[in-house]
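On a predicted model such as this, the values are computed, not experimentally measured, just so you know.
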Amino acid sequence: MRPLAIRRREARPLPPLAVLVRSMAYVDVKMRWKKDASFDAVPVLSQARDLRPLVSLAGLLSPSPTPVSAVSKLRIPLEVPDRRVISFLRRFPAAFVESVGPEHNHPWFRLSGSAAGLLQEEREVFAARRADITSRLGRLLLMAPRRRLPLRAAQGMLWHLGLPEDYFRCRDYDIAQDGFRILTIGDSVCREEEDDGRELVLIDNGEHQEMPKSVLQMDAIRRFGSMETVPIPLFQSKGLRLKQKIEAWLEGFQKLPYVSPYEDFSGIDRDSDVSEKRVVGVLHELLSLFVTCSAERRRLLCLRQHLGLPQKFHRVFERHPHVFYLLLKEKTCFVVLKEAYLARGDTAIEEHPMLVVRRKYAGLMEESREIIRCRRSGKPFPSKHKDHEQIEDSEGANSAPILS
């Protein structure tokens, strides 16, 4: 009988030393979420869910009465949180004045004088600061590795960047003068009514322009005079204490090399801490471009592939609560850049020109809630605007009852 052959196991190569060192030095950072009431007290943040549909409806209505049927079917496109658009309009009487139509007692709505004035102010701010506002969209395109974004993804960012929602559709804006053009995948101009396959690109594709410095790099130059070390500003939550091991990891994380969102990152190991610091820097730069330095988390998830972010990059928000704050409002999660609200002017982040108008819209929403409280209690509303006195008079004469 022939003896059985003994199969020897092949010796597997040992992993490189760098892998062992990295796995041994890894710190599984898990920090519990800590509520911060100071962010709930900021109107543009606490009312962000209703602010966008309110401004969108204000742009569709006019100072003259319009039947509610003109906007009643736009609940999903405008992301109105209420089940019916008419219910949303009635929640903000300081912006939308309700009256009875000439036939069949159907409700009609018109813009109040305050809302019409803010709408005009918004257009004037965009006309006066157009170069500054559109440059933020250009920086977003430069952050993409391909220097381009799908038109649908860019359309979803217009509100956060402070651009008109019809910026791509209205010919009057002429996006070419801002350095943009719309192409299909085949690099041929597509018809306006088609959105699939269309991409927003820079006219020069960003090849003949110098890459801008990020906010973190400008902050390092402002503080240290150079970009040798680019730390990320940290703002600890009240009542949150870190373990000594996590504090040591965080201190070492600040000393890691910084990769700008506008630089090539193909040579970085995606599993390294340097890659994680790049992800934090990309999200920091992205939020600093927005009007309120905040956005819904689901909006940021849509940009994952286009900005070269890892699949589970949302864990960065949990691992770095000193940089980002998760604001939970009515089943919606907003990511807020802490530096924009807690630095108290000691920051390189420039205030968005449209932020003043957004604050006034939020004040109009607060005024609407006060009007509804006075109506329920039977007290007169001490308004500073003559337009509200006309609202009360018209409601007593020919307006439909307000439903709460």
| task | Please report the C-alpha distance between Tyr341 and Ser38 in whole Å, then the side-chain angles of each, then the deciding distance to 0.1 Å, and finally whether the side chain to side chain donor-acceptor pair (under 3.5 Å) criterion is met. | result | CA-CA 9 Å; Tyr341 293 90; Ser38 62; over 6 Å; no

| request: Begin from the C-alpha positions of Leu303 and Phe313 and carry the test side-chain contact (heavy atoms from CB on, under 4.5 Å) through to its verdict. | output: CA-CA 11 Å; Leu303 297 175; Phe313 78 93; over 6 Å; no

| message | Apply side-chain contact (heavy atoms from CB on, under 4.5 Å) to residues Met157 and Arg299 and explain how you reach the verdict. | response | CA-CA 8 Å; Met157 295 293 110; Arg299 297 282 182 185; 4.0 Å; yes

| message | One pair to check against side-chain contact (heavy atoms from CB on, under 4.5 Å): Glu121 and Leu118. What are the steps and the verdict? | response | CA-CA 5 Å; Glu121 182 179 353; Leu118 287 179; 3.7 Å; yes

| Worked check of side-chain contact (heavy atoms from CB on, under 4.5 Å) between Leu289 and His352 | CA-CA 8 Å; Leu289 298 177; His352 198 288; over 6 Å; no

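Between atom SG of residue Cys302 and atom CG of residue Leu300 there is a gap of 8.5 Å, rounded to the nearest 0.5 Å. With values rounded to the nearest 0.5 angstrom, Glu276 atom CD is found 4.0 Å from Arg319 atom CZ. For the atom pair Ile182 CD1 and Arg148 CZ, the distance stands at 13.0 Å (nearest 0.5 Å). Atoms SG and CD1, on Cys293 and Ile349 in that order, are 5.0 Å from each other to the nearest 0.5 Å. Note that CG of Asp36 is 12.0 Å distant from CG of Leu326, once rounded to the nearest 0.5 Å. Atom CG of Leu234 is separated from atom CG of Leu342 by 11.5 Å, given to the nearest 0.5 angstrom.
Ring to ring, His320 and Trp249 are close: their centroids are under 6.0 angstrom apart. Aromatic ring centres of Phe324 and Phe317: separated by under 6.0 Å.
Considering Asp50, Val55, Val44 in turn, Val55 is the only one that fulfils the side-chain contact (heavy atoms from CB on, under 4.5 Å) rule with Tyr361.
Under a 3.5 Å cut-off, the side chain of Thr292 and the backbone N or O of Phe290 do not form any donor-acceptor pair. With hydrogens and angles disregarded, a donor-acceptor distance shorter than 3.5 Å links the side chain of Arg147 to the backbone of Ala144. Not a single donor-acceptor pair under 3.5 Å links the side chain of Gln236 to the backbone N or O of His322. Looking only at distances, no side-chain donor or acceptor of Ser275 sits under 3.5 Å from a matching main-chain atom of Asp271. Counting only distance, with no hydrogens or angles, the side chain of Glu285 and the backbone of Val215 share a donor-acceptor pair below 3.5 Å. Under the 3.5 Å distance criterion, the side-chain polar atoms of Ser112 are left unmatched by any main-chain donor or acceptor of Val97. Between the side chain of Lys277 and the main chain of Lys255, no donor-acceptor pair closer than 3.5 Å is present. Of the possible donor and acceptor atoms, none in the side chain of Asp178 sits under 3.5 Å from a partner among the backbone N and O of Phe180.
Using a 4.5 Å heavy-atom cutoff, the side chains of Asp40 and Lys329 are in contact. Within the 4.5 Å cutoff, the side chain of Arg90 has heavy atoms near those of the Pro107 side chain. Side chains of Ser368 and Phe96 form no contact here, defined as non-hydrogen atoms less than 4.5 Å apart. The side-chain heavy atoms of Glu351 and Val356, taken from C-beta on, include a pair separated by under 4.5 Å. Contact check for Arg222 versus Asp219: side-chain heavy atoms found under the 4.5 Å cut-off. With contacts defined as side-chain heavy-atom distances shorter than 4.5 Å, the pair Glu366/Gln47 qualifies. Side-chain contact between Leu337 and His284 is present, with heavy atoms from C-beta onward closer than 4.5 Å. Residues Leu45 and Phe334 form no side-chain contact, since every pair of their non-hydrogen atoms from C-beta on lies 4.5 Å or further apart.
A salt bridge links Glu370 with Arg373; the closest basic N to acidic carboxylate O contact falls under 4.0 Å.
Scanning both residues, Pro212 and Tyr262, for their nearest heavy atoms gives O-CD1, 3.3 Å. Minimum heavy-atom separation, Ile268 to Ser272: CG2-OG, 4.0 Å. Nearest heavy atom pair, residue Phe265 against residue Pro145, reads CE2-CG, 3.7 Å. The minimum heavy-atom distance linking His160 with Ser294 is given by the pair ND1-O, 3.8 Å. Across every non-hydrogen atom of Glu339 and Phe235, the tightest pair is CA-CE1, 3.4 Å. In plain terms, the two heavy atoms of Val280 and Phe253 that are nearest each other are CG2-CZ, 4.3 Å.
Counting non-hydrogen atoms of other residues, nucleotides and ligands closer than 6.0 Å to CD of Gln305 gives a total of 12 or fewer. With a 6.0 Å radius and a threshold of 12 heavy atoms from other residues, nucleotides or ligands, Glu350 has its CD atom at or below the threshold. When the shell of 6.0 Å around CZ of Arg49 is examined, it contains more than 12 heavy atoms from other residues, nucleotides or ligands.
Judged as a side-chain contact (heavy atoms from CB on, under 4.5 Å), and not counting sequence neighbours, the contacts of Leu78 are Ser56, Leu57, Leu60, Leu74, Val80. Checked against side-chain hydrogen bond (donor to acceptor under 3.5 Å, both in side chains), Arg359 has no partners two or more places apart in sequence or in another chain. With sequence neighbours excluded, no residue forms a side-chain hydrogen bond (donor to acceptor under 3.5 Å, both in side chains) with Arg369.
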